[in-house]
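In what follows, a single structure is set out as structure tokens and then discussed.
Below, chains carry the letters A, B, ... as their sequence lines are ordered, and counting in each starts from 1.
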Number of protein chains: 2
Amino acid sequence: MHRTDGSTDACGLATAGAYFFAPAKGETGIERLPKRQRQQRLVELIDENPFVTDRELTRRLKVSIQTIRLDRMELGIPELRERMKLMAERSYDQVRSLAAEEVIGDIIDLQLDRSGISIFEIREEHVFTRTQIARGHHIFAQANSLAVAVINDEIALTASADLRFVRPIHLGEKCIAKAYVRTSPGKAGRAKVEVLSYVGEEMVFQGNFIIYRSDDNKNR
Amino acid sequence: MHRTDGSTDACGLATAGAYFFAPAKGETGIERLPKRQRQQRLVELIDENPFVTDRELTRRLKVSIQTIRLDRMELGIPELRERMKLMAERSYDQVRSLAAEEVIGDIIDLQLDRSGISIFEIREEHVFTRTQIARGHHIFAQANSLAVAVINDEIALTASADLRFVRPIHLGEKCIAKAYVRTSPGKAGRAKVEVLSYVGEEMVFQGNFIIYRSDDNKNR
DNA sequence: AAAGGTTTTAGAACCTGGTACTAATCGCTA
DNA sequence: TAGCGATTAGTACCAGGTTCTAAAACCTTT
């Protein structure tokens, strides 16, 4: 005998007629919603807590477990275990790549000892929640990463920098940093790198970096 | 990763099963290992790929699935689904807290419009893997966060900065940043903040920040 | 009122990747 | 020879599902 998802008919009588034409927003809180709204609510609930089971959703939405499952299927939402697996995999990959993340922003062009370009999109985690303006250190991180990357040496460390945040950068904006090496390549000790960051045509940040270099690019 | 690492008492229980020290059976590559070594290998395999099932491990270690499960139990390694759940939960919490992370480093003292102190420990994810030296932007992030935090305004944005990375900071070092507001509080427009970061007695970083302020600290 | 469509519910069979438990069996040793 | 740890086998059971079939329940149209 296999156990079957019993579900002790929690709401048999709720199936009375005209079941959602009542003053839909009663005291009772959640009356059964029409399909569209229920599915929307389902998405919200799962989004809010991805660890919720179908059985739990049954409780919250006052429909049968089959309905929940049909809804998930229609909406293309995978089952709990699949969701957890996806999260786990994502975080696992992230951990792996985070360690490798030597650079903030995507470098899309790099001419060693000459110049480089990187793109960095301002996302939720980069802004002040209140103002939606990017925190300065993320803008700096992009510029600094690029300045270090453009130096063709075993070891390159920022020695000093001079920054100007020209205008606030907002959530969703794509920040394009362009770095130019100002001293001749291979010159011992220190390199000077200028980084200019743009959103569209507009310059939003400017930095002058002095990069300490190990100066052993010959043995690579 | 999550290495539960259950006390591998090296030789507490003299494992009687030394009965596999016969000619190591070079023929078939991995022949069955003695218990201790197998368990060690098990830990390695799971560590290497936390998404591996017991059945897969059976293949790899050439023992029955019961043995795998006994081993997991002895070692306190949870089942695959539990492992995935833990990873998912951890990453979920991380995402949540990352978004809330308005400040890099722990602020341990703050006198608004006067001074502030924060501590930041250099961990794996902050250093160049090759050299174990902290990337500049993390050091900057700590200083910048503190400089912004110390300004008692609705909105405070970095306008410009002038940085000196005095000496490299290494993995494991605790960086203590001290910020001093150099202009009189409430003065309109811009505040000047000096941040000095130390490892022990040694100054490792110095920054002069100009912080743009909304200057509406009265209505708080 | 009957027909027809959508929505919702029910139930059974089956799946994966396990746990929990009992009971052999193997290989060596005291 | 008995004993003992290590290993294997097998069964029952579980959560949290998928898949499928089938029957209501509801709503609109004819």
Does A:Glu56 have any side-chain hydrogen bond (donor to acceptor under 3.5 Å, both in side chains) partners at least two apart in sequence or in another chain, and if so, which?
A:Arg59

Given 3.5 Å as the limit, does a donor-acceptor pair link the side chain of [X] with the main chain of [Y], or not?
X	Y	answer
A:Ser197	A:Cys175	no
B:Arg167	B:Val204	no
B:Gln39	B:Leu75	no
B:Arg213	B:Ala156	no

Would you kindly give the [atom1]-to-[atom2] distance between [X] and [N], to the nearest whole Å?
X	N	atom1	atom2	answer
A:Gln66	C:dA13	CD	C1'	14 Å
A:Lys85	C:dG18	NZ	P	11 Å
A:Lys35	C:dT9	NZ	P	12 Å
A:Phe51	D:dG16	CZ	P	13 Å
A:Ile65	D:dG16	CD1	P	10 Å
A:Glu56	D:dG17	CD	P	11 Å
B:Arg36	D:dG5	CZ	P	14 Å
B:Ile68	D:dA6	CD1	P	15 Å

Near DNA chain D, which residues from residues 72-83 of chain A have a heavy atom under 4.0 Å away?
A:Arg72, A:Glu79, A:Leu80, A:Arg81

Below the 4.0 Å mark, does C:dT8 have OP1 or OP2 next to a side-chain nitrogen or oxygen of A:Ser64?
no

Applying a 4.0 Å non-hydrogen cut-off, can you work out what B:Arg55 is touching in the nucleic acid: base, sugar-phosphate, or nothing?
nothing

Tell me whether the rings of A:His138 and A:Phe120 are parallel (<30°), tilted (30 to 60°) or perpendicular (>60°).
tilted

Starting the side chain at C-beta, find the nucleotide from C:dG11, C:dT8, D:dT7 nearest to A:Leu70.
C:dT8

Considering only heavy side-chain atoms of A:Asp54, the closest of D:dA9, D:dG17, C:dA10 is D:dG17

Check the pair B:Lys35 / B:Glu74 against salt bridge (charged side-chain N to carboxylate O under 4.0 Å, His left out), numbers first and verdict last.
CA-CA 11 Å; B:Lys35 190 173 179 182; B:Glu74 277 182 41; 3.0 Å; yes

